[in-house]
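Note that ligands are numbered from 1 as they come in the structure, with each ligand's atoms numbered from 1 the same way. Throughout, numbering of the chain's residues begins at 1 and tracks the sequence.
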Amino acid sequence: MNNKRIELPDGAPLLKPDFLFGVATAAFQIEGAADSRLPCIWDTFCAEPGKIRDGSNGLQACRHIEHWQQDIDLIHSMGVDAYRFSVSWPRVMHADGTPNQQGLDFYVQLLDKLNGLGIKAFVTLYHWDLPQYLEDQGGWLNRLTAYRFRDYARLIARTFGDRVYSYATLNEPYCSAYLGYEIGVHAPGHKSKAWGKQAAHHLLLAHGLAMRELAEHAPHAQNGIVLNFSPCYAKTDAPEDIQAAQNADQYFNHWYLRPVLEGRYPDLMHALPEHERPVIEEGDMQVIAHPLDYLGINYYTREIYQADDTELFRGGQQKSLPLTDMGWEIYPQGLRNLLLSYHQQYALPPVYITENGAAMVDKLEEGQVNDWDRLAYLHSHINAVNEAAEQGVDIRGYFAWSLMDNFEWAEGYLKRFGLVYVDYDSQQRIIKASGQAYAHMLKHRQTSAIAGE
Ligand code: FCB
């Protein structure tokens with residue numbers, strides 16, 4: 001192995017020509033141009049002192065609204081097959097529900113350019129930037145928000161037409177619900193176990209309602225949802241720790257996966273006190289279980305749990321080295337094992353790895369970022385995906401998070417996940433060594449696929 005390359009074994013399923021490699025971003029994290037859209041919950045959250053580690057916000061970010069053509073050219077120069085990005089709901093709809101034409105036009109021209117270059121567009125409808133006016137009416141605690149999301153999904157599917165290869169309704173509803181409404185470290189910053197579950201239920205309902213719209217108005221697109229999973233490992237072999245890890249797994253992972261695939265919540269629901277269980281209306285679970293064309297999986301790390309005297313599990317356990325700059329354990333086999341275990345437990349639709357990547361301490365030296373650590377992370381995780389594919393999991397694509405450094409939520413601009421370095425003052429983009437290695441792998445995969453035959 002050449003440790004400056006991302007390599008796959010000859011004949012690897014991931015080298016087949018129809019396997020898609022892409023890069024991913026999200027609207028709030030890159031766009032800037034906040035004055036040409038409505039405020040969202042992240043604007044409000046950022047304005048609260050102490051919520052974002054560096055006190056920053058998304059008002060400028062990567063100024064992608066200004067630099068979008070250059071950014072798409074950059075993506076094209078890397079030779080990727082697909083680009084995953086999100087639409088900013090507050091940019092494309094006014095508070096009265098009427099379309100914001102200027103906002104819609106932005107995405108239509110972006111899609112046209114992508115299509116012109118032969119890059120498949122993976123559009124996420126909701127990557128956390130709920131319009132603030134909806135939060136003012138209760139946000140995801142208000143069932144009506146799910147219906148507003150359905151209207152938004154309809155508008156987008158009708159406007160974008162056949163420009164879109166794939167839609168995702170939601171990105172990581174776990175983060176919106178748990179981080180945003182249960183422990184309050186993400187916008188809108190609420191702290192209530194009951195609210196976390198209720199928000200999760202309304203998000204899932206929104207997903208199901210939007211799936212119906214997509215099936216009707218974008219029938220040729222691949223329509224699905226993006227869920228994030230951190231597989232749960234027990235700290236010791238003691239039965240109570242194993243039980244704790246299983247509880248956490250149901251609480252964080254299967255809480256989202258089981259409803260969308262099987263129309264029911266995990267059994268752990270019965271272990272929750274009555275007041276923490278969500279209000280579920282008749283018919284909701286059928287809506288939520290609308291058939292998926294694909295499942296998007298985001299993976300970064302694993303978690304370790306142990307038993308607790310009063311709670312269902314206790315997390316925050318000591319991690320094994322090495323860690324990324326987020327403090328997340330680098331554990332590629334977790335991704336392979338997760339794919340294999342879900343493949344066994346569920347009738348999975350085709351899978352895309354919609355996010356995977358690492359924040360590292362990048363140094364820009366003489367115009368270069370030699371991020372060998374990120375490159376090694378990508379190499380090991382892409383190979384973990386390949387192993388799962390070899391063992392029969394139907395995986396159709398892989399997206400690196402992220403195309404470029406951007407606003408990393410509660411961490412602000414302190415954490416860099418990009419394959420491309422962004423100098424936020426000059427807004428210059430510089431492809432890092434990892435980005436070059438990714439591009440190199442893509443460029444040479446045809447030849448190595450054939451060599452392996
Ligand atoms: C995921 C988010 C994405 C990015 C990465 C690091 O949870 O979907 O926006 O912040 O984490």
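- For a heavy-atom separation below 4.0 Å, the residues in contact with ligand 1 are Q29, H127, W128, N171, E172, Y300, E355, W401, E408, W409, F417.
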Checklist entry - Can you list the steps and then say if D71 with K113 is a salt bridge (Lys or Arg N to Asp or Glu O under 4.0 Å)? => result CA-CA 11 Å; D71 289 339; K113 182 162 168 103; over 6 Å; no

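- In this structure, R429 fails the cation-pi test against Y421, since its NZ or CZ atom is not both closer than 6.0 Å to the six-membered ring centre and inside 45 degrees of the ring normal.
- Of the listed residues (F45, F417, W128), just one forms a ring pair (Phe, Tyr, Trp, His ring centres under 6.0 Å) with W409, and that residue is W128.
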Checklist entry - Between R416 and D325, is a salt bridge (Lys or Arg N to Asp or Glu O under 4.0 Å) present by the stated rule, with each step listed? => result CA-CA 9 Å; R416 293 178 177 270; D325 195 30; over 6 Å; no

Next on the checklist: Would R302 and E329 count as a salt bridge (Lys or Arg N to Asp or Glu O under 4.0 Å) here? Give the steps.
Outcome noted: CA-CA 7 Å; R302 67 160 175 173; E329 182 182 349; 3.1 Å; yes

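- With E31 as the partner, the side-chain hydrogen bond (donor to acceptor under 3.5 Å, both in side chains) test is satisfied by one option alone out of Q60, R63, R91: R91.
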